[in-house]
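Down below is the structure, laid out as structure tokens.
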Amino acid sequence: MMKVMIPVDGSAAANRAVDYVIASVAWLKQAPQIHLLNVQWKLASGNVKLFIDQETINDYYREQGNAALADARAKLDNTGLAYAYHISIGIPAEAIVQYAKEQAVDQIVMSAHGQGSWSDLLLGSVASKVAHLAQVPVLLVK
Amino acid sequence: MLEMLSSAQFWVDVFKIIVIDLLLSGDNAVVIALACRNLPVAQRKKGILYGVGGAIGLRIVLTFFAVSLLALPYLKLIGALLLLWIGIKLILPEEEHGEGNIKAETHLWGAVKTIIVADFVMSLDNVLGVAAAAKGNVSLLVFGLLISIPLIAWSSQLVLKLIDRFPFIIYAGGALLGYVAGEMLVSEALFKPLVEAQHSLHWLVPVVCAVLVLVVGKWLAARMAVKAEAVHLVDGQVSSAGGQSGGSK
């Protein structure tokens with residue numbers, strides 16, 4: 001079975017990649033195995049852990065991650081497709097590529113733009129970094 | 001005051017203070033955001049407000065304290081050496097501390113206390129850097145602090161993203177701290193006769209200190225180069241029937 005991974009950040013643009021995968025299921029002989037991934041920036045460094053307990057930090061990541069996954073999951077729930085969802089903590093592009101490697105996904109489908117095209121302009125998009133680092137084909141959805 | 005605003009040197013110094021503040025206070029911003037999470041919703045805003053207020057007040061007091069301390073002989077020398085180390089630390093990759101035995105604060109004043117104590121401990125580097133960059137100029141100090149406070153409270157993610165995109169920022173920051181440390185060394189009363197005799201030391205020492213931070217930082221970083229792996233927090237499955245099984249680790 002083909003494994004497709006969709007990294008999302010909760011933005012409408014990112015969720016268009018989910019729409020694309022849902023639409024493309026009909027073209028395939030067998031429904032792909034879908035992995036949703038949201039990466040939370042690792043905000044809490046070593047020093048923060050001296051003052052804030054790990055459970056509170058993880059709760060924060062979980063809350064933010066679940067919020068970012070919510071729309072994408074709703075879309076998939078509506079179709080009745082099976083999928084897996086994950087939240088990782090790290091640097092987005094690198095965590096996406098790491099997860100793709102660990103799960104041996106066959107393709108990464110993601111939006112060319114993330115949360116804001118303005119910040120993409122200044123900071124470069126996660127997508128271009130993933131395309132550069134990934135070992136598997138990366139499909140960019142406009 | 002108005003003349004000062006139109007001088008280029010003033011804005012260069014303000015810029016230095018802002019950069020130092022931004023690079024050295026991300027952790028404080030995160031603690032402020034997280035410390036109040038376990039409070040009842042109604043108290044969260046209050047907790048953040050009191051915590052930020054207390055932390056800012058403390059920061060101002062500490063900075064002025066640092067400035068007056070630095071006027072004493074020898075302390076500039078010590079301060080400069082500390083700053084060099086802070087610059088090198090900035091370049092080094094994060095070390096993971098073991099988890100401390102900390103309990104989540106569920107009371108308003110407990111959360112406020114966490115914020116202020118954390119700020120006290122984690123802002124010493126920052127206070128020293130800002131005090132050095134201001135070179136004893138009080139209005140510059142106040143101006144720099146005022147500008148950087150909103151930056152500190154809302155910028156932690158932006159700084160992470162910027163550093164990810166432009167990793168040289170961290171080196172520029174390290175070099176800046178080295179440069180400021182050098183300026184402090186030159187102004188140490190102990191070396192006054194030497195510096196007056198040899199005017200080029202005024203720029204030579206800061207530049208050498210900046211390069212020193214970069215070289216030592218790079219060298220130590222290369223020795224401990226371990227790449228931080230992403231951590232998986234939540235793994236869940238939704239089966240095609242619409243049923244759900246999932247869990248988090």
Chain B interface, residue from [options] that has the most non-hydrogen pairs under 4.5 Å:
| options | answer |
| --- | --- |
| V39(A), T56(A), L36(A) | T56(A) |
| L76(A), N66(A), T79(A), I87(A) | I87(A) |
| A84(A), G90(A), G65(A) | A84(A) |

Taking only residues at least two apart or on different chains, which pairs with a member in residues 30-44 of chain B satisfy salt bridge (charged side-chain N to carboxylate O under 4.0 Å, His left out)?
E63(A)-R37(B)
May I have all residue pairs that pass salt bridge (charged side-chain N to carboxylate O under 4.0 Å, His left out) and include part of residues 10-20 of chain A, sequence neighbours excluded?
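Sorted result for residues 10-20 of chain A: D19(A)-K75(A).
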Heavy-atom contact with chain B under 4.5 Å, split by part of L81(A):
backbone
Applying a strict 4.5 Å limit to non-hydrogen atoms, the region of N38(A) in contact with chain B is neither
Determine whether Y85(A) and L37(A) make a side-chain contact, defined as any pair of heavy atoms from C-beta on separated by less than 4.5 Å.
no
Looking at Y99(A) versus H232(B), is the centre-to-centre ring distance below 6.0 Å?
yes
Pairing donors with acceptors under 3.5 angstrom, does anything connect the side chains of E102(A) and Q98(A)?
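On atom types as modelled, these side chains qualify, holding a pair under 3.5 Å.
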